[in-house]
Amino acid sequence: VVIGCPSIYLMYARNLLPCELGLAGQNAYKVAKGAFTGEISPAMLKDIGADWVILGHSERRAIFKESDELIAEKAEHALAEGLKVIACIGETLEEREAGKTNEVVARQMCAYAQKIKDWKNVVVAYEPVWAIGTGKTATPDQAQEVHAFLRQWLIDNISKE
């Protein structure tokens with residue numbers, strides 16, 4: 001079990017949660033230090049007891065215009081710094097209705113695969129963007145279709161393990 005909460009509450013949450021529960025930052029930047037006002041580095045997350053970070057969340061992609069490549073760089077750095085990564089992927093309603101779900105998921109995964117060489121500390125989270133705050137919900141069958149595609153993509157492009 002991993003709890004992801006806003007950064008200002010991470011230390012508070014770590015102090016309340018049992019040690020066996022993981023704690024995730026909701027974002028981190030791609031470098032250790034520098035003039036990046038407001039950004040949080042993986043080292044900072046580790047300092048306050050987080051052992052995970054969520055990257056590629058739909059709001060980061062849509063509102064903050066984070067590219068697949070930037071998100072992959074963030075994942076690469078977080079892993080190098082010793083954090084585990086929850087790598088989010090998913091399509092918009094427009095992309096789903098255009099039949100591009102698998103294309104979008106593959107594109108996002110390809111970017112991660114360019115930067116991540118060891119996947120043992122990565123969890124891939126499929127997040128149908130079109131089902132967030134829209135009143136629409138993904139059916140179990142829709143989610144399973146994407147999961148099946150993703151499993152095959154991982155076998156073909158990363159490893160069977």
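The structure displayed is predicted, hence computed values, not measured ones.
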Hey, could you give me the [atom1]/[atom2] distance between [X] and [Y], rounded to the nearest 0.5 Å?
X	Y	atom1	atom2	result
Glu103	Glu91	CD	CD	11.5 Å
Ile48	Asn15	CD1	CG	10.0 Å
Met109	Asp156	CE	CG	12.0 Å
Glu81	Glu76	CD	CD	11.0 Å
Ser58	Glu66	OG	CD	11.0 Å
Thr137	Ile132	OG1	CD1	12.5 Å

Report yes if some heavy atom in the side chain of [X] is under 4.5 Å from a heavy atom in the side chain of [Y]; otherwise report no.
X	Y	value
Leu55	Ile86	no
Val123	Lys84	no
Leu23	Cys5	yes
Ser41	Val31	no
Arg61	Val129	no
Asn121	Leu79	yes
Tyr112	Ile89	yes
Leu93	Thr134	no

Identify the two heavy atoms, one from [X] and one from [Y], that lie closest to each other, and give their separation to 0.1 Å.
X	Y	result
Ile54	Ala24	CG1-CB, 4.1 Å
Lys120	Asp118	NZ-OD2, 2.9 Å
Leu83	Leu45	CD1-CD1, 3.9 Å
Pro128	Ala138	CG-CB, 3.9 Å
Val85	Ala75	CG2-O, 4.0 Å

Checklist entry - Taking atom types as modelled and ignoring hydrogens, do the side chains of Gln26 and His57 form a donor-acceptor contact shorter than 3.5 angstrom? => result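 Their side chains do not contain a donor-acceptor pair, so the 3.5 Å distance test is not met.
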same_hphob_cluster([X], [Y]) at 4.5 Å side-chain heavy-atom cutoff:
X	Y	value
Val1	Val124	yes
Trp52	Leu17	no
Tyr29	Val53	no

Next on the checklist: Taking atom OH as the centre, does Tyr9 end up with more than 12 heavy-atom neighbours from other residues, nucleotides or ligands that are less than 6.0 angstrom away?
Outcome noted: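 No.
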Item to check | side-chain contact (heavy atoms from CB on, under 4.5 Å) against Ala32, all qualifying residues, sequence neighbours excluded | outcome: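 Partners of Ala32 by the side-chain contact (heavy atoms from CB on, under 4.5 Å) criterion, ordered by chain and then number, come out as His77.
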Checklist entry - Who pairs with Arg14 by side chain to side chain donor-acceptor pair (under 3.5 Å), at least two apart in sequence or on another chain? => result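 Checked Arg14 against side chain to side chain donor-acceptor pair (under 3.5 Å); zero matches.
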Checklist entry - Got a sec, which residues hit side chain to side chain donor-acceptor pair (under 3.5 Å) with Lys117, two or more places apart in sequence or on another chain? => result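 Partners of Lys117 by the side chain to side chain donor-acceptor pair (under 3.5 Å) criterion come out as none, since no residue qualifies.
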Checklist entry - Between Gln108 and Ile71, is a side chain to side chain contact (heavy atoms under 4.5 Å, CB included) present by the stated rule, with each step listed? => result CA-CA 9 Å; Gln108 292 168 341; Ile71 293 163; over 6 Å; no
Next on the checklist: Strictly by ring pair (Phe, Tyr, Trp, His ring centres under 6.0 Å), give each pair with a member in residues 119-154 just once, sequence neighbours left out.
Outcome noted: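 Residue pairs passing ring pair (Phe, Tyr, Trp, His ring centres under 6.0 Å), neighbours aside: none found.
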Item to check | Any pair counted as salt bridge (charged side-chain N to carboxylate O under 4.0 Å, His left out), so long as it reaches residues 32-54, sequence neighbours left out | outcome: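 Listed by first then second residue: nothing to list.
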Item to check | Pairs satisfying salt bridge (charged side-chain N to carboxylate O under 4.0 Å, His left out), at least one member in residues 105-115, at least two apart | outcome: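 Output for this query lists Asp68-Arg107.
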